Amino acid sequence: MGLSVRHRVPFRGRRTAVAPATCAQRHMWNLIERQLPDAAFYNVCHWVDLPGRGTTQDLLAVFAELLGRHESLRTGFARDPDGDLIQHVAESGEFEAEVWTVGRGEDAEGVLRTWRHRMRHSPFEPARAPLVRFMVTVVDGAPVLAGFCVSHLAADLASLRLLADEVTRLLDAAASGRPFPPAVPSRQPVEQAWFERSPRGRALLRRAHAYWRRQLAGAPATLFPTADGAGGRPAGTGDESTAAVRHSAALDSRAVALALPLLARHWRVSTSAVLLTVVARLLGHRAGLSSCALRLLTANRSDPELRGTVANLHAEVAVTIDLEGDRVEDIARRAFAACTAAYANGLYDPDEVTDLFEAAARERGVPVDLSYCFNDIRVGHGLPETAGNRTGPVSGATLRTAMADTVVTPHEFEEGETFFLVIDDEEPGWTRLVLNADGRALTPCEVRGFLYDVERALVEHAEHAVADGL
């Protein structure tokens with residue numbers, strides 16, 4: 001398996017600071033508290049393959065530089081005497097890094113898997129910064145892989161991708177004896193907290209509050225009614241002692257990867273809206289509803305000052321898809337418009353939204369269940385002109401042939417929602433759909449069946465588009 005050495009490495013930033021927690025930080029804090037005693041549930045791991053240049057010391061210096069640049073990585077959290085969540089940025093300290101030395105032919109990927117599994121069960125203490133740990137795999141004296149585990153309080157997926165790119169650039173400079181390239185100017189979480197309290201920030205929060213109120217007023221009570229007609233467990237309100245077993249499966253499909261850009265061009269929407277339309281129609285049909293309400297995950301980085309920010313900025317925002325009408329392309333265009341509105345309201349006060357859920361339950365007499373998430377984490381899921389380049393004509397036969405390569409396998413992914421679908425495209429030419437569901441809503445067979453239904457619907461719609469002369 002290799003030899004491991006654990007290092008404690010000093011870091012230093014430009015300042016120490018204390019500020020209220022941001023909306024996204026408070027939202028994540030609430031989610032972590034709901035998962036207790038599993039305090040590591042929202043630990044997130046990411047890794048990057050390295051070119052095999054430089055030394056271990058070069059990479060440790062890169063990690064120290066990352067903590068100096070990005071205040072979120074050296075921020076701790078605690079309640080103040082009034083009970084409000086506070087972020088505290090440390091100016092200096094130490095971080096932990098494990099260096100694994102493996103020989104040629106040894107299982108370097110196995111080292112990473114073992115480390116990731118351990119990190120998944122190694123909680124951070126929120127009050128003690130930094131909320132990040134690193135690992136390095138070394139072959140023939142050179143680092144070939146870097147991994148990092150962070151608390152979701154400190155970083156989201158967009159941040160981890162930024163860090164992976166930065167690790168590569170900084171290590172290249174260190175290995176070449178050049179100074180580190182300057183950091184991309186970006187808003188730090190402390191400044192984000194003050195922005196949210198500025199006149200512009202408060203106006204955005206008020207707009208999002210009104211948006212959520214409208215969504216909860218019109219959303220179906222549940223997408224998974226029980227046998228007695230009652231709804232399922234609303235997000236974050238259930239008794240964990242009665243939680244059912246959860247089921248996860250992953251579908252890897254070339255056919256989905258071929259169908260998505262074709263349908264995006266035909267329907268004139270994003271590839272993400274294509275997927276959301278199909279998923280919403282399947283969920284709505286299953287529940288016998290004319291609309292489908294769920295939550296989208298947004299990176300909240302439309303502001304140029306936030307595009308290079310390493311922090312937790314993500315949010316889950318409600319969206320309702322109108323499923324009325326026979327023409328699926330009309331539903332897709334409404335879904336695209338609904339998504340655009342949802343993403344524009346991604347900055348909201350999580351405690352105010354909780355109050356809105358409670359108010360909606362009192363008014364209706366039943367809780368509103370939005371425990372259904374759609375998370376498209378593909379890097380490219382844009383509009384038709386950027387949805388992907390076809391290497392050749394796509395025919396119905398091509399799509400059906402591609403379906404023969406589809407594989408559905410069990411997956412370790414786990415979330416706390418009734419229904420959570422993630423879409424990724426890490427392997428070129430393939431799309432992966434991972435579905436995790438509460439066993440009280442979907443059995444293992446139904447989880448796999450739902451994934452196959454998504455693929456089948458996409459291929460059928462794509463075949464119709466080809467027949468229409470696309």
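Predicted model only: the values in this text are computed from it and were never measured. In this chain, numbering begins with 1 at the start of the sequence shown.
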**Prompt:** Quick check: does any side chain N or O of Asp322 sit under 3.5 Å from a backbone N or O of Ser291, one acting as donor and the other as acceptor?
**Reply:** no
**Fill in**
Between Pro189 and Ala311 the two heavy atoms that sit nearest each other are CG-CB, 3.7 Å
**Request:** To the nearest 0.5 angstrom, please state how far the CG atom of Leu421 sits from the CG atom of Leu294.
**Result:** 9.5 Å
**Request:** Report yes if some heavy atom in the side chain of Leu258 is under 4.5 Å from a heavy atom in the side chain of Thr398; otherwise report no.
**Result:** yes
**Message:** As a quick check of understanding, evaluate side-chain hydrogen bond (donor to acceptor under 3.5 Å, both in side chains) for Glu33 and Trp29, giving each step before the final call.
**Reply:** CA-CA 6 Å; Glu33 286 198 321; Trp29 178 277; 3.2 Å; yes
**Fill in**
All heavy atoms of Arg378 vs all of Ser272, minimum pair found to be NH2-N, 3.5 Å
**Request:** Check each of Gln192, Met28, Glu191 against Thr22 using the side chain to side chain contact (heavy atoms under 4.5 Å, CB included) test, and report the only one that passes.
**Result:** Gln192
Identify all side-chain donor-acceptor contacts of residues 278-287 below 3.5 Å with residues at least two apart in sequence or on another chain.
| unit_1 | atom_1 | unit_2 | atom_2 | d |
| --- | --- | --- | --- | --- |
| Arg286 | NH2 | Ala441 | O | 3.3 |

**Atom pair CG (Leu323) and CG (Asp330), whose distance is rounded to the nearest 0.5 Å** = 12.5 Å
**Item:** Name of the residue among Tyr372, Phe419, Phe224 meeting ring-ring contact (aromatic ring centres under 6.0 Å, His included) with Phe450
**Value:** Phe419
**Prompt:** Between atom SG of Cys149 and atom CG of Leu160, what is the distance when rounded to the nearest 0.5 Å?
**Reply:** 9.5 Å
**Item:** Pair Arg295-Ser371, side-chain donor/acceptor within less than 3.5 Å
**Value:** no
**Request:** Look at Glu412 together with Arg116 and state whether they make a salt bridge at an N to O cut-off of under 4.0 Å.
**Result:** yes
**Request:** Return each pair, listed once, that meets side chain to side chain donor-acceptor pair (under 3.5 Å) where at least one residue sits in residues 38-48; pairs must be two or more places apart or across chains.
**Result:** Asp38-Arg120
**Under 3.5 Å: donor-acceptor pair, side chain of Arg268, backbone of Arg333** = no
**Request:** Find the distance between SG (Cys292) and CG (Leu276) and round it off to the nearest 0.5 Å.
**Result:** 7.5 Å
**Prompt:** How long is the span from the CZ atom in Arg448 to the CG atom in Leu442, to the nearest 0.5 Å?
**Reply:** 11.5 Å
**Prompt:** Which residues pass the salt bridge (Lys or Arg N to Asp or Glu O under 4.0 Å) test with Arg456, sequence neighbours left out?
**Reply:** Asp453
Quiz: residues 212-219 side-chain donor-acceptor pairs under 3.5 angstrom, not counting sequence neighbours:
| unit_1 | atom_1 | unit_2 | atom_2 | d |
| --- | --- | --- | --- | --- |
| Arg213 | NH1 | His209 | ND1 | 3.2 |
| Gln215 | OE1 | Thr320 | N | 3.2 |
| Gln215 | OE1 | Thr320 | OG1 | 2.8 |

**Request:** State which residues pass side chain to side chain donor-acceptor pair (under 3.5 Å) with Trp430; sequence neighbours excluded, sorted by chain then number.
**Result:** none
**Asked** Of the non-hydrogen atoms in Ser290 and Glu324, which two are nearest, and what is the gap between them?
**Response** CB-OE2, 3.3 Å
**Item:** Qualifying residues under ring-ring contact (aromatic ring centres under 6.0 Å, His included), relative to His461, sequence neighbours excluded
**Value:** Trp267
**Asked** Is any side-chain heavy atom of Glu166 closer than 4.5 Å to a side-chain heavy atom of Leu66?
**Response** yes
**Request:** Just jot down the ring-ring contact (aromatic ring centres under 6.0 Å, His included) partners of His152, sequence neighbours excluded, or say none.
**Result:** His314
**Prompt:** With a 4.5 Å limit on heavy-atom distance, are the side chains of Arg133 and Arg118 in contact?
**Reply:** no
**Prompt:** Side chains of Leu433 and Val422: closer than 4.5 Å at any heavy-atom pair?
**Reply:** no
**Request:** Compare all side-chain heavy atoms of His247 with those of Glu446 and state whether any distance is below 4.5 angstrom.
**Result:** no
**Prompt:** Is Leu162 close to Val184 at the side-chain level, that is, under 4.5 Å between some pair of heavy atoms?
**Reply:** no
**Prompt:** Under the 3.5 angstrom rule, does the side chain of Thr168 hit a backbone N or O of Ala164 as a donor-acceptor pair?
**Reply:** yes
**Prompt:** Taking only residues two or more places apart in sequence, or in another chain, which ones meet Ala255 in a side-chain contact (heavy atoms from CB on, under 4.5 Å)?
**Reply:** Ser253, Ala402, Met403, Glu455, Val459
**Asked** Any sub-3.5 Å donor-acceptor pair from Thr401's side-chain atoms to Ala397's backbone N or O?
**Response** yes
**Fill in**
Here the pair of heavy atoms bringing Leu399 nearest to Ala462 is CD1-CB, 3.6 Å
**Item:** With Thr75 via side-chain contact (heavy atoms from CB on, under 4.5 Å) - residues at least two apart
**Value:** Phe77, Gln87, Val89
**Message:** For a 4.5 angstrom cut-off between non-hydrogen side-chain atoms, does Leu306 reach Leu313?
**Reply:** yes
**Complete:** By ring-ring contact (aromatic ring centres under 6.0 Å, His included), His121 pairs with (sequence neighbours left out) His117
**Prompt:** Would you find a donor on one side and an acceptor on the other, under 3.5 Å apart, between the side chain of Asp438 and the backbone of Arg246?
**Reply:** no
**Prompt:** How many angstroms lie between atom CG of Asp355 and atom CG of Asp349, to the nearest 0.5 angstrom?
**Reply:** 8.5 Å
**Asked** For Ala341, does its backbone N or O pair with a side-chain atom of Tyr211 as donor and acceptor, under 3.5 Å?
**Response** no
**Asked** Just by distance, with hydrogens left out, do Ser159 and Asp156 show a side-chain donor and acceptor under 3.5 Å apart?
**Response** yes
**Asked** Has the side chain of Tyr348 got a donor or acceptor atom that lies under 3.5 Å from a matching backbone atom of Glu316?
**Response** yes
**Asked** Listed by chain and number, what are the ring-ring contact (aromatic ring centres under 6.0 Å, His included) partners of Phe374, not counting sequence neighbours?
**Response** none
**Asked** Between Asp49 and Leu145, is there a donor-acceptor pair closer than 3.5 Å when you use the side chain of the first and the backbone of the second?
**Response** no
**Prompt:** Looking only at heavy atoms, which two atoms of Leu153 and Asn312 are closest? And how far apart?
**Reply:** O-CB, 3.6 Å
**Asked** Would Phe420 and Phe413 count as a close aromatic pair, with their ring centres under 6.0 Å?
**Response** yes
**Prompt:** Taking Arg301 for the side chain and Thr309 for the main chain, is one N or O donor matched with an acceptor at less than 3.5 Å?
**Reply:** yes
**Request:** Please report the shortest heavy-atom distance between Thr406 and Tyr452, naming the atom on each side.
**Result:** CG2-CE2, 4.2 Å
**Request:** Using the test side-chain contact (heavy atoms from CB on, under 4.5 Å), find all partners of Cys23 that sit at least two apart in sequence or belong to another chain.
**Result:** Arg26, Glu196, Leu205, Leu347, Pro350
**Prompt:** Under a 4.5 Å cut-off applied to non-hydrogen side-chain atoms, are Glu414 and Phe41 in contact?
**Reply:** yes
**Request:** Check for a donor-acceptor pair, side chain of Ser72 on one end and backbone N or O of Ala154 on the other, with a separation under 3.5 Å.
**Result:** yes
